[in-house]
Amino acid sequence: MSQQSDSMRVAVIVPVRNGGEVWRRAAAAIRAQRRRPERVLVVDSESSDGSDEVAQQYGFELLPIAVRDFDHGGTRQLAAEHCADCDVLVYLTQDAVLADPDALGVLLRAFDDEQVAVAYGRQLPRREAGPIEAHARLFNYPPESARRTLADVAKLGLKTAFTSDSYCAYRGAALAAVGGFPRRAIVSEDMIVAAKALQAGKAVRYVGESCVYHSHGYSIREDFRRYFDIGVFHHDQPWLLATFGKPEGEGLRFVRSELLYLLRNGPLKLLEAMVRTLAKYVAYQGGRHYFMLPPRLRRIFSSQSSYWGGGGVVQ
């Protein structure tokens with residue numbers, strides 16, 4: 001690790017609600033890092049399974065909040081303000097398990113480049129992942145690292161601003177300079193920050209050598225709700241698509257890649273994949289036009305009912 005990376009004050013921040021056994025593994029992996037963060041802050045949303053006690057057992061700081069107050073952007077901004085004494089803020093989700101004891105140190109090296117405002121690591125499929133679940137991670141998180149600036153928009157489009165708060169680090173000063181995390185965004189608060197940083201002349205670094213195990217075996221219904229939320233996000237953030245382009249090209253590339261992957265690794269899943277693709281498309285278009293739907297249907301179709309005033313929440 002370089003001397004500059006070693007001298008940074010680092011906070012690891014994890015929003016948690018009923019994280020279960022995978023949170024125990026994630027907490028143990030944080031504690032096992034060779035590059036110890038100066039602070040580990042767990043923001044717990046009224047866990048009832050002892051997740052808050054796990055945080056305390058590992059000596060982490062605990063910030064309790066009401067579940068009704070959780071917001072993807074607002075809660076992360078609250079945590080950032082609690083860790084204002086740190087140079088770099090590393091965000092993990094409760095189900096992202098650092099893959100080895102050097103993962104954090106490798107990620108932090110990205111900030112030796114003074115232009116880098118955001119750095120995120122590679123997400124590997126969990127060991128029990130099926131082929132559809134595994135492909136999604138392998139497609140979005142290749143082994144090759146990359147550095148992106150606004151100059152890459154012509155080639156990469158919206159992918160230029162892609163990041164993931166499941167495992168993502170922010171230079172504190174750069175995060176503050178773009179106004180921090182948005183306090184109301186249905187999903188993709190990470191992309192908003194990255195896009196604003198790129199517009200400000202900063203760089204985003206993907207660090208393929210720093211990994212976490214993190215993937216989900218979503219049902220078709222869950223995929224539908226996720227893509228409905230993405231459609232809502234794209235409707236609510238028109239500046240993002242105007243600046244970086246629409247996602248259609250990347251979506252078609254994903255579908256082609258998935259079909260080829262399944263032909264080799266899971267041909268019995270091809271029909272399911274096609275049904276999922278149709279469900280995602282319908283859901284995304286519904287989200288883009290959510291203003292035409294009655295409020296009740298918006299809540300039903302969305303995975304983030306708290307966004308609509310419902311009180312449910314997905315961490």
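Along the sequence shown, residues are numbered consecutively beginning with 1.
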- Query: So, the side chain of E38 versus the backbone of V10: is there a donor-acceptor pair under 3.5 Å, distance only?
  - Reply: yes

Assess whether salt bridge (Lys or Arg N to Asp or Glu O under 4.0 Å) is satisfied between R109 and D112, documenting all intermediate values. CA-CA 6 Å; R109 291 175 197 159; D112 290 338; over 6 Å; no

For this session: Show the numbers, then the answer: is there a side-chain contact (heavy atoms from CB on, under 4.5 Å) between F244 and L150?
Result: CA-CA 9 Å; F244 293 90; L150 202 60; 3.9 Å; yes

Distance col, row R76:CZ vs D165:CG, nearest 0.5 angstrom, shows 4.5 Å

Interatomic distance, OG@S302 vs CH2@W308, rounded to 0.5 Å, equals 6.0 Å

(Q) Using side-chain heavy atoms (C-beta onward) and a distance below 4.5 Å, is F228 in contact with L293? (A) yes

Ring geometry between Y141 and F162 (parallel below 30°, tilted from 30 to 60°, perpendicular above 60°): tilted

Is L198 close to V204 at the side-chain level, that is, under 4.5 Å between some pair of heavy atoms? yes

Between V12 and the options V90, L41, L89, the side chain to side chain contact (heavy atoms under 4.5 Å, CB included) test singles out V90

task = Answer yes or no: is there an ion pair linking R184 with D71, defined by an N-O contact shorter than 4.0 Å?
result = no

Report task. Identify whether the distance between the nearest side-chain nitrogen and carboxylate oxygen of K246 and E248 falls below 4.0 Å. Result -> no

| query | Stepwise, does the salt bridge (Lys or Arg N to Asp or Glu O under 4.0 Å) test hold for D113 with R147? | reply | CA-CA 10 Å; D113 180 345; R147 181 182 185 275; 2.7 Å; yes

Could you tell me whether E222 and R225 have a side-chain N and a carboxylate O separated by less than 4.0 Å?
no

Residues I30, F60; criterion side-chain contact (heavy atoms from CB on, under 4.5 Å); working and verdict: CA-CA 10 Å; I30 293 170; F60 302 158; 4.1 Å; yes

Applying side chain to side chain donor-acceptor pair (under 3.5 Å) to E61 and not counting sequence neighbours gives R39

Point to revise | Verdict with supporting geometry, R171 and D87, salt bridge (Lys or Arg N to Asp or Glu O under 4.0 Å) | key: CA-CA 6 Å; R171 194 184 297 273; D87 302 302; over 6 Å; no

>> Given 3.5 Å as the limit, does a donor-acceptor pair link the side chain of R122 with the main chain of C211, or not?
In response: no

### Minimum side-chain heavy-atom gap V97-V212 below 4.5 Å
no

D229 (side chain) donor-acceptor with S303 (main chain) under 3.5 angstrom: yes

Item to check | Flag side-chain contact, heavy atom, 4.5 Å: V22 against Q94 | outcome: no

So that I know where these two stand, are F181 and Y91 an aromatic pair - ring centroids less than 6.0 Å apart? yes

query: Does the pair Q237 and W239 meet the rule for a side-chain hydrogen bond (donor to acceptor under 3.5 Å, both in side chains), with working shown?
result: CA-CA 5 Å; Q237 305 292 333; W239 66 273; 2.8 Å; yes

### Query
Does R276 come within less than 4.0 Å of E258, counting only side-chain N to carboxylate O?
no

- If you measure only the distance, is there a donor-acceptor pair under 3.5 Å linking the side chains of H135 and N265? no

Here the side chain to side chain donor-acceptor pair (under 3.5 Å) pairs for residues 286-295, sequence neighbours left out, are D236-Y290, Y284-R288

When rounded to the nearest 0.5 Å, the distance separating CD of E133 from CG of L138 is 10.5 Å

Open item on the list: Quick check: is Y213 connected to V106 through a chain of hydrophobic side chains (ILVMFWY, heavy atoms under 4.5 Å apart)?
Closed with: no

Original post:
Just by distance, do the side chain of T75 and the backbone of H72 share a donor-acceptor pair under 3.5 Å?
Top reply: no

Student check: side-chain heavy atoms of Q57 and R24 closer than 4.5 Å: yes

If we ignore hydrogens and angles and just use 3.5 Å, is the side chain of S51 paired with the main-chain N or O of S47 as donor and acceptor? no

Open item on the list: Between Q77 and E81, do the side chains contain a donor N or O and an acceptor N or O under 3.5 Å apart?
Closed with: yes

With distance as the sole test, does R31 use its side chain to make a donor-acceptor pair with the main-chain N or O of Y58 at under 3.5 Å? yes

Rounded to the nearest 0.5 Å, the OG atom of S166 sits from the CG atom of D95 at a distance of 6.5 Å

| message | Could you walk me through whether T163 and Y206 satisfy the side-chain hydrogen bond (donor to acceptor under 3.5 Å, both in side chains) test, starting with their C-alpha distance in whole Å, then the side-chain angles of each, then the deciding distance to 0.1 Å, before giving a yes or no? | response | CA-CA 8 Å; T163 58; Y206 169 61; over 6 Å; no

Query - Residue pair M191, K196: steps toward the side-chain contact (heavy atoms from CB on, under 4.5 Å) verdict - result: CA-CA 8 Å; M191 178 174 279; K196 289 182 176 180; over 6 Å; no

Could you tell me whether the side chain of D102 and the main chain of G105 form a donor-acceptor pair under 3.5 Å? no

Would S210 and L104 count as a side-chain contact (heavy atoms from CB on, under 4.5 Å) here? Give the steps.
CA-CA 7 Å; S210 179; L104 184 58; over 6 Å; no

Side chain to side chain contact (heavy atoms under 4.5 Å, CB included) with V16: of V43, L62, V42, only one passes, and it is V42

- [ ] Decide whether I220 and V282 are clustered together by the hydrophobic rule: side chain heavy atoms of Ile, Leu, Val, Met, Phe, Trp, Tyr closer than 4.5 Å, transitively.
- [x] no

**Prompt:** How are the rings of F254 and F139 set to each other: parallel, tilted or perpendicular (split at 30° and 60°)?
**Reply:** perpendicular

The reported gap from CG in D190 to SG in C168 (rounded to nearest 0.5 angstrom) is 6.5 Å

Taking D85 first and then R9, would you say they form a salt bridge - that is, a charged N and a carboxylate O separated by under 4.0 Å?
yes

Fill in: Residue pair L108 / R35, side-chain heavy-atom distance below 4.5 Å
yes

message = Membership question, hydrophobic clusters at under 4.5 Å side-chain separation (ILVMFWY): are L262 and L278 in the same one?
response = no

Between the side chains of S164 and Q123, is a donor N or O closer than 3.5 angstrom to an acceptor N or O? yes

message = With a 3.5 Å distance limit and no angle check, can you tell me whether D49 reaches the backbone of G20 through a side-chain donor-acceptor pair?
response = yes

So CG of D69 and CG of L78: to nearest 0.5 Å the spacing works out to 9.5 Å

Expected output: side-chain R17 to main-chain E46 donor-acceptor under 3.5 Å:
yes

**Prompt:** Any side-chain heavy-atom pair from L263 and K269 closer than 4.5 angstrom?
**Reply:** no

Tightest non-hydrogen contact, residues G201 and Q115, listed as O-NE2, 2.8 Å

* State, with a plain yes or no, whether a side-chain heavy atom of I132 is found less than 4.5 Å away from one of Y261. => no

- Item | Linked, directly or transitively: L241 and V232 (ILVMFWY side chains, under 4.5 Å) | yes

Are Y281 and L259 grouped together when hydrophobic residues (ILVMFWY) are joined by side-chain heavy atoms under 4.5 angstrom apart?
no

Connected to Y218, directly or through other members, by ILVMFWY side-chain contacts below 4.5 Å are none

- prompt: Is a side-chain N or O of Y120 found less than 3.5 angstrom from the main chain of V207, in a donor-acceptor match?
  reply: no

